[in-house]
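I have placed the structure first, in the form of structure tokens, so that the comments after it can refer back to it.
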Number of protein chains: 2
Amino acid sequence: MPGSTRELPHPDAADLLLTDVLFALSDPARLEITRRLAEGPLEVAACQPTGGDIPKSTLSHHLKTLREAGVVRNVPHGRQRYVSLRRDDLEQRFPGLLSAVLHATPAGEQSAARAASDATAGPGPGPAQR
Amino acid sequence: MPGSTRELPHPDAADLLLTDVLFALSDPARLEITRRLAEGPLEVAACQPTGGDIPKSTLSHHLKTLREAGVVRNVPHGRQRYVSLRRDDLEQRFPGLLSAVLHATPAGEQSAARAASDATAGPGPGPAQR
DNA sequence: CCGATAGTTCCATGATTTTCGAACTATTCG
DNA sequence: CGAATAGTTCGAAAATCATGGAACTATCGG
């Protein structure tokens with residue numbers, strides 16, 4: 001039982017380029033995918049940004065861009081694949097970047113309050129920004 | 001004595017889009033310009049990434065992209081213009097993002113050490129990453 | 001073995017971006 | 001005023017990116 005082939009190439013953590021990472025995250029669809037992955041690994045089909053309307057090939061291309069930039073890892077798992085955020089590698093290489101991106105709020109919001117440190121955890125779920 | 005016209009449009013801090021900012025910073029030349037501006041405002045010509053080889057129009061376009069994303073402010077000043085980083089607006093809108101970007105180290109470096117918190121301030125000047 | 005499933009890769013098309021010369025505009029200096 | 005300076009904007013060509021259908025590959029279920 002040879003380890004399954006179908007491995008895709010991933011850049012080493014030390015070789016990640018900031019511009020590539022920023023570019024990968026600069027697309028709304030890819031950013032959305034990244035946010036979704038922040039909650040845990042997903043199979044490719046589950047990365048679908050909205051409902052379930054974008055074609056397989058397009059989704060696969062976006063994942064490829066994210067993978068080549070080093071944002072995401074894509075490993076074969078049986079007949080499907082698991083996609084996961086390379087959190088630790090990104091944090092090591094670009095400290096604070098990923099969390100800054102993930103914590104961003106949508107355009108119009110974030111009005112007042114939140115001055116200093118609002119002790120008790122926020123009410124709703126995590127924020128999101130297009 | 002009418003206030004000088006030649007004002008260029010800038011998006012409000014609250015309207016900045018994360019994807020636009022990430023995109024603006026995802027280009028090597030624009031990232032370099034941004035780094036240069038981190039040390040203080042500059043007149044347009046002084047933003048030149050390398051020596052002084054890129055055409056005026058190209059530089060102007062890069063600055064336009066940065067300005068429209070809200071990364072930079074460009075104000076008329078006599079016969080020239082001053083370009084400056086919108087640090088506070090960016091920090092307010094996307095906490096931690098700019099500093100994460102500015103602190104990134106180049107690809108191959110950052111080998112060992114720097115494990116925990118290396119108390120004494122670093123020796124050389126700030127890092128830079130292509 | 002035969003299908004169905006889950007994805008990637010190939011290929012073509014259209015949309016953005018990048019780049020840069022040239023024209024244009026405002027402002028200062030002599 | 002007229003020339004020089006500092007930049008923006010226009011326009012066009014080249015490169016890159018995005019999208020999605022179709023073909024291809026591997027794995028699992030029966």
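Annotation: ring-ring contact (aromatic ring centres under 6.0 Å, His included) contacts involving residues 13-72 of chain A, sequence neighbours excluded, are absent.
Inter-residue side-chain proximity for A:Val72 and A:Ser84 is flagged as unmet; no heavy-atom pair is nearer than 4.5 Å. In this structure, B:Val71 and B:Arg86 have side chains that are not in contact, with every pair of non-hydrogen atoms separated by 4.5 Å or more.
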Within the sub-3.5 Å range, which N or O atoms of nucleotides 13-18 of chain C have a protein N or O partner, and how far apart are they?
residue : atom : partner : partner atom : Å
C:dT18  : OP1  : B:Arg30 : NH2          : 3.3
C:dT18  : OP2  : B:Arg30 : NH1          : 3.4

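For the residue pair B:Asn74 and B:Arg67, no side-chain donor N or O sits within less than 3.5 Å of a side-chain acceptor on the partner.
In this structure, CG in A:Leu17 is found 12.0 Å from OG in B:Ser26, a value given to the nearest 0.5 Å.
A:Cys47 and A:Leu37 make their closest contact through SG-CD2, 4.2 Å (heavy atoms, listed as atom of the first residue, atom of the second, distance).
Using a distance-only test at 3.5 Å, with no hydrogens or angles considered, no donor-acceptor pair links the side chain of B:Arg73 to the main chain of B:Tyr82.
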ask   = Reading nucleotides 5-12 of chain D 5' to 3', which nucleotides get B (base under 4.0 Å from a protein heavy atom), which S (sugar-phosphate only), which -?
value = BSBBBBB-
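Remark: P of D:dA18 and CG of A:Leu66 are 10 Å apart, rounded to the nearest angstrom.
Ionic pairing of A:Arg36 and A:Glu32 is present here: one or more N-O contacts between side-chain nitrogen and carboxylate oxygen are shorter than 4.0 angstrom.
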